[in-house]
Protein chains: 2
Amino acid sequence: MSGLSDPKARLREICRIAARVFYEKGYDGASMQEIAQAVGLTKAGLYHHVGSKDNLLFEIMNYGMDILDETVLARVQNIQDPREKLRQTILGHIDLIVRARDLEITVILHENRSLQGELREKINCRKRAYVNYLKDLIAEVQKQSGRPALLSPTLAAFYLLGLVNWLYQWYRPEGTIGQAELGRATVEFFFRGLLGYTPEEGTRASS
Amino acid sequence: MSGLSDPKARLREICRIAARVFYEKGYDGASMQEIAQAVGLTKAGLYHHVGSKDNLLFEIMNYGMDILDETVLARVQNIQDPREKLRQTILGHIDLIVRARDLEITVILHENRSLQGELREKINCRKRAYVNYLKDLIAEVQKQSGRPALLSPTLAAFYLLGLVNWLYQWYRPEGTIGQAELGRATVEFFFRGLLGYTPEEGTRASS
DNA sequence: GATCTGATAGACCGCTCATTCAAAGTTACC
DNA sequence: GGTAACTTTGAATGAGCGGTCTATCAGATC
């Protein structure tokens with residue numbers, strides 16, 4: 001743990017490592033002793049950095065939302081075309097779920113049970129903001145299509161989250177499907193479900 | 001716990017109740033003491049019926065797969081039309097996930113971490129059988145459409161599982177969407193994603 | 001050097017955990 | 001009624017849990 005003089009960076013590193021332990025053992029199944037060992041400290045040393053196990057989970061989830069903001073939302077915010085924006089959002093989200101580096105952090109965002117009270121509400125608030133962002137963007141895409149909506153933006157947003165967030169249950173990067181192919185297929189599947197066609201096919205269907 | 005003289009039925013009732021506790025607290029977060037209390041026994045009494053916590057989880061998951069077999073697969077097996085068979089499968093699966101009675105049992109099937117060794121492999125084997133059933137059925141539906149497949153049956157099967165299995169994260173029966181509407185919307189969304197159209201729309205798209 | 005702060009550790013605390021055991025209670029059968 | 005089988009219990013076990021406390025050390029600042 002040398003070379004990490006910035007407390008914030010230190011905490012993030014601890015979160016990253018702890019997230020891996022939580023991912024593997026589950027929140028309740030992972031002990032602070034295990035996490036401390038993984039981090040390279042004693043338990044008391046770990047407690048210096050995080051107030052409690054609960055607080056550690058909160059920090060990890062908060063960090064996960066930060067990552068989502070920084071690597072997905074920030075990158076699409078200047079895209080004007082709603083379809084392209086949605087497409088890039090999906091690809092960015094998939095990247096988080098399946099890429100090796102911080103996948104545990106993003107997956108742990110689904111841990112709904114253990115965090116309680118105020119901390120839970122903070123994370124839920126951030127999650128809801130993401131869902132609302134998706135809803136609004138989907139509504140724009142539907143409007144852009146010039147066709148009657150086939151389903152509500154809310155339903156579509158949750159379907160999208162199901163498609164993407166379930167990936168960690170079955171997708172293996174070393175499997176037969178590359179990440180780019182997965183991204184493409186998922187985007188297309190989703191757009192067909194949403195609009196009845198994929199935007200590239202739109203012109204063909206109207207002729 | 002009177003009136004349950006059949007040991008098998010007894011075990012099932014214990015599974016049902018335990019599943020609720022596990023659903024609420026998580027496998028690791030739920031203690032055998034809590035489960036015993038919920039069942040109406042002491043901990044030692046509970047251990048008479050289940051060998052261990054692990055074994056209880058296995059029994060619950062096995063029971064979950066039984067329920068899936070009995071209430072979904074058994075009911076569609078005489079349907080000849082692949083599309084209709086797939087549709088009914090989806091609706092049946094959704095019913096398990098969102099209906100009140102045994103939703104905890106079916107949701108707990110996603111608990112991948114805690115079960116180990118031989119028991120885990122038994123459940124995984126049953127799960128794989130279901131995935132393979134979906135794949136094969138999807139492949140039939142694609143073939144039936146007479147169009148080139150837009151994505152592999154494997155991908156489509158996992159997308160379907162994502163859509164359905166994620167429902168428990170967001171769907172609330174008391175919300176604005178009734179179960180029938182949810183089922184219809186999900187089936188349609190999936191068929192559009194799979195085929196590029198919903199089978200009822202097929203004739204329109206070709207004209 | 002003195003003081004302060006942040007970081008870390010060893011030892012410990014009170015409690016809970018899954019599981020077990022001997023004993024007691026209940027039911028079924030002859 | 002007697003007996004065997006089944007069911008349940010109270011108490012206990014050893015291990016492990018999240019968290020705390022005192023002490024020490026290193027680095028920064030005056």
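Throughout, protein chains are lettered first and strands after them, A, B, ... in sequence-line order, and every chain is numbered starting at 1. Everything quoted here is computed from the prediction, not taken from an experiment.
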S.K.: Are any protein N/O atoms closer than 3.5 Å to N/O atoms in nucleotides 25-29 of chain D? If there are, list each pair with its distance.
M.R.:
none

S.K.: Please list, in numerical order, the residues of residues 47-55 of chain B that have a heavy atom closer than 4.0 Å to any atom of DNA chain D.
M.R.: His48(B), His49(B)

S.K.: What heavy-atom pair brings Gln142(B) and Leu151(B) nearest, and what distance separates the two atoms?
M.R.: NE2-O, 2.8 Å

S.K.: Between dT16(C) and Ser31(B), is there an OP1 or OP2 to side-chain N/O distance shorter than 4.0 Å?
M.R.: no

S.K.: Please identify each residue that fulfils side-chain contact (heavy atoms from CB on, under 4.5 Å) with Arg172(B), with sequence neighbours left out.
M.R.: Glu174(B)

S.K.: Check the distance between dT8(D)'s C1' and Ile14(B)'s CD1 and give it to me in whole angstrom.
M.R.: 12 Å

S.K.: Using a 4.0 Å heavy-atom cut-off, does Ala30(B) contact any base of the nucleic acid, only the sugar-phosphate backbone, or nothing at all?
M.R.: sugar-phosphate

S.K.: Has the side chain of Lys43(B) got a donor or acceptor atom sitting under 3.5 Å from an opposite partner on the base of dT19(C)?
M.R.: yes

S.K.: What I want to find out is whether Arg128(A) reaches Glu121(A) closely enough, with some N-O distance under 4.0 Å, to be called a salt bridge.
M.R.: yes

S.K.: Atom CG of Leu11(A) to atom C1' of dA7(C): distance rounded to whole Å?
M.R.: 14 Å

S.K.: Which pairs, with at least one residue in residues 30-58 of chain B and sequence neighbours excluded, count as a ring pair (Phe, Tyr, Trp, His ring centres under 6.0 Å)?
M.R.: none

S.K.: List the steps and the verdict of side-chain contact (heavy atoms from CB on, under 4.5 Å) for Val76(B) and Arg87(B).
M.R.: CA-CA 9 Å; Val76(B) 302; Arg87(B) 189 171 154 269; over 6 Å; no

S.K.: Please, which pairs that meet ring pair (Phe, Tyr, Trp, His ring centres under 6.0 Å) have at least one residue in residues 16-45 of chain A, sequence neighbours excluded?
M.R.: Phe22(A)-Tyr27(A)

S.K.: Could you tell me which residues satisfy side-chain contact (heavy atoms from CB on, under 4.5 Å) with Asp136(B), sequence neighbours excluded, listed by chain and number?
M.R.: none

S.K.: Taking only side-chain N and O atoms of Thr42(B), does any of them lie within less than 4.0 angstrom of OP1 or OP2 on dT8(D)?
M.R.: no

S.K.: How many whole angstroms separate atom CG of Leu41(B) from atom P of dC6(D)?
M.R.: 17 Å

S.K.: Side chains of Glu84(B) and Gln88(B): donor-acceptor distance under 3.5 Å anywhere?
M.R.: yes

S.K.: Once you round it to whole Å, what is the distance between P of dT20(C) and CD of Gln33(B)?
M.R.: 16 Å

S.K.: Whole angstrom is fine here: how far is it from CD1 in Ile35(A) over to C1' in dG16(D)?
M.R.: 14 Å

S.K.: Whole angstrom is fine here: how far is it from CE in Met32(A) over to P in dG19(D)?
M.R.: 6 Å

S.K.: Without decimals, in angstroms, what is the distance between Arg10(A) CZ and dG6(C) P?
M.R.: 15 Å

S.K.: Step by step, work out the ring-ring contact (aromatic ring centres under 6.0 Å, His included) result for Phe189(B) and Phe190(A).
M.R.: CA-CA 8 Å; Phe189(B) 183 86; Phe190(A) 179 73; 5.8 Å; yes

S.K.: Could you tell me how far apart Glu34(B) (CD) and dT16(C) (P) are, to the nearest whole angstrom?
M.R.: 11 Å

